[in-house]
2 protein chains.
Amino acid sequence: MNTSTTQSEEPGTAVKADEIEFTLIELLFFAYRDFTSDPDAILSQYGFGRAHHRVIHFVNRRPGLRVAELLDVLRITKQSLARVLKQLIDTGYIVQVQGPRDRRQRELYVTKKGHALALALALPQSRRIRAALEEAGVKDRAVIERFLRAMVNPELRAQVDRAPAREGARIEGEARE
Amino acid sequence: MNTSTTQSEEPGTAVKADEIEFTLIELLFFAYRDFTSDPDAILSQYGFGRAHHRVIHFVNRRPGLRVAELLDVLRITKQSLARVLKQLIDTGYIVQVQGPRDRRQRELYVTKKGHALALALALPQSRRIRAALEEAGVKDRAVIERFLRAMVNPELRAQVDRAPAREGARIEGEARE
DNA sequence: CAATTATGTCAACATGGCTGACATAATTAT
DNA sequence: ATAATTATGTCAGCCATGTTGACATAATTG
């Protein structure tokens with residue numbers, strides 16, 4: 001543990017407050033707080049919460065995602081996931097398909113309805129990001145992307161990179177199973 | 001509500017998936033997920049959670065912050081705050097001082113112990129940010145700051161700007177009251 | 001003196017995390 | 001072939017942290 005210090009006492013030994021990136025720490029907090037507030041308002045109209053948002057987002061973005069992979073991405077337990085996933089399946093936003101190679105696996109897909117919800121939730125977030133890029137006069141958006149990617153634990157960056165190049169497959173409510 | 005569409009159907013009317021900033025949306029999710037994981041590990045050793053972290057962070061950064069202001073920043077109810085704030089006061093990380101002008105108000109200060117904890121929690125986050133800036137080759141860190149600030153709701157940006165220029169006052173466990 | 005304000009507190013409830021235990025079906029290893 | 005492992009599901013209960021509503025107190029303001 002770190003025995004911290006202020007300017008006046010035990011100089012040199014420990015963390016000094018002015019060496020800490022407080023500004024960026026707080027900016028991340030505030031930016032994320034408001035970034036998540038947009039979809040929250042929409043979700044409550046559906047009787048869903050933030051947990052549903054995360055699930056439907058990643059299933060939409062990574063069609064055919066398996067349950068174990070989703071757990072890795074969300075960093076929650078299967079029992080936590082089960083609750084919200086069941087609701088999303090029961091209400092027709094997500095469907096499960098038996099894995100073609102390994103029939104124990106369940107591939108997850110959004111339905112048309114689920115796709116529409118995922119887009120509706122992403123839209124205000126997307127608008128906020130665009131407006132911020134413009135307002136901040138970001139000429140090279142790649143800088144932002146590189147910075148945020150570098151904030152992710154190196155061993156978990158494969159998850160970031162696994163996103164589809166284009167919009168992936170989607171299963172209609174009626175199709176397959 | 002937004003009737004969303006894919007490439008093939010009802011063109012022009014609605015949101016197209018490839019117009020959405022999915023990459024940055026996900027990067028924000030992943031970056032924030034790992035950004036908060038560092039302090040979480042430390043907090044659990046103290047029997048505290050993320051809610052305690054937020055309180056002790058803002059009280060450390062804005063010495064003399066009043067309860068109502070803290071509620072505005074955290075966007076939670078006073079009943080939610082009361083639980084964690086009481087614990088932090090009872091365990092000697094935060095003290096309350098009666099407002100000098102208005103004696104109904106309670107100014108919040110970290111104790112020496114609270115200051116040390118706030119720094120210990122901020123340290124890994126600060127390291128992560130520095131490493132990310134370097135790894136991403138960010139030459140002008142102001143770009144990142146401007147972007148994140150622009151992500152905050154305009155009417156709430158005063159909260160962002162209210163941070164102290166230097167390290168603010170702190171009250172020792174014994175002093176005042 | 002009345003109304004308003006800042007704060008605290010009690011009670012009840014919801015969401016979304018967690019652990020532990022156990023069940024099933026399918027795959028893989030011996 | 002059978003045993004072990006794996007992917008998933010499910011039951012039950014607990015915890016942290018958010019919510020609403022109601023009410024209390026003290027201090028300030030009109």
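Naming convention: chains lettered A, B, ... in sequence-line order (proteins, then strands); numbering from 1 in each chain.
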Peer 1: Please pick, from C:dA6, D:dT28, D:dG18, the nucleotide with the shortest atom-to-atom distance to any side-chain atom of B:Ala51.
Peer 2: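 Closest of the options to the side chain of B:Ala51: D:dG18.
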
Peer 1: Under 4.0 Å between a Lys/Arg side-chain N and an Asp/Glu carboxylate O for B:Glu21 and A:Arg127?
Peer 2: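 A salt bridge is absent here (no side-chain N lies under 4.0 Å from a carboxylate O).
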
Peer 1: With no hydrogens and no angle check, just 3.5 Å: does a side-chain donor-acceptor pair link B:Arg33 and A:Gln159?
Peer 2: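 Yes.
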
Peer 1: Kindly say if A:Thr77 contacts the phosphate of C:dG17, meaning a side-chain N or O under 4.0 Å from OP1 or OP2.
Peer 2: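 For C:dG17, neither OP1 nor OP2 has a side-chain N or O of A:Thr77 closer than 4.0 Å.
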
Peer 1: Under a 4.5 Å cut-off applied to non-hydrogen side-chain atoms, are A:Phe30 and B:Leu156 in contact?
Peer 2: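 No. Closest side-chain heavy atoms not under 4.5 Å.
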
Peer 1: Which nucleotide wins on minimum distance to the side chain of A:Val67, given the candidates C:dT27, D:dG9, D:dT19?
Peer 2: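 Of the candidates, D:dG9 comes closest.
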
Peer 1: B:Arg54 has a side chain; which of D:dT17, C:dT7, D:dA26 sits nearest to it?
Peer 2: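 For B:Arg54, the side-chain atoms sit closest to D:dT17.
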
Peer 1: If you assign B:Gln79 and B:Arg66 each to the DNA chain C nucleotide with the nearest heavy atom, which residue ends up on the more 5' nucleotide?
Peer 2: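 On the 5' side of the pair lies B:Arg66.
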
Peer 1: Among D:dT28, C:dG16, D:dG9, which nucleotide sits nearest the side chain of A:Val84?
Peer 2: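 For A:Val84, the side-chain atoms sit closest to C:dG16.
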
Peer 1: Reckon B:Lys78 touches a base, only the sugar-phosphate, or nothing at all at heavy-atom distances under 4.0 Å?
Peer 2: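 Base contact.
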
Peer 1: Would you please confirm or rule out a distance under 4.0 Å between OP1 or OP2 of C:dA6 and any side-chain N or O of B:Arg106?
Peer 2: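 No.
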
Peer 1: Could you label the plane-to-plane angle of the B:His53 and B:His57 rings as parallel, tilted or perpendicular, counting under 30° as parallel and over 60° as perpendicular?
Peer 2: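 Rings of B:His53 and B:His57: perpendicular, as their planes differ by over 60°.
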
Peer 1: How would you label the contact of B:Arg83 with the nucleic acid (heavy atoms, under 4.0 Å): base, sugar-phosphate, or nothing?
Peer 2: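 Base: the residue B:Arg83, judged by heavy atoms under 4.0 Å, touches a nucleobase.
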
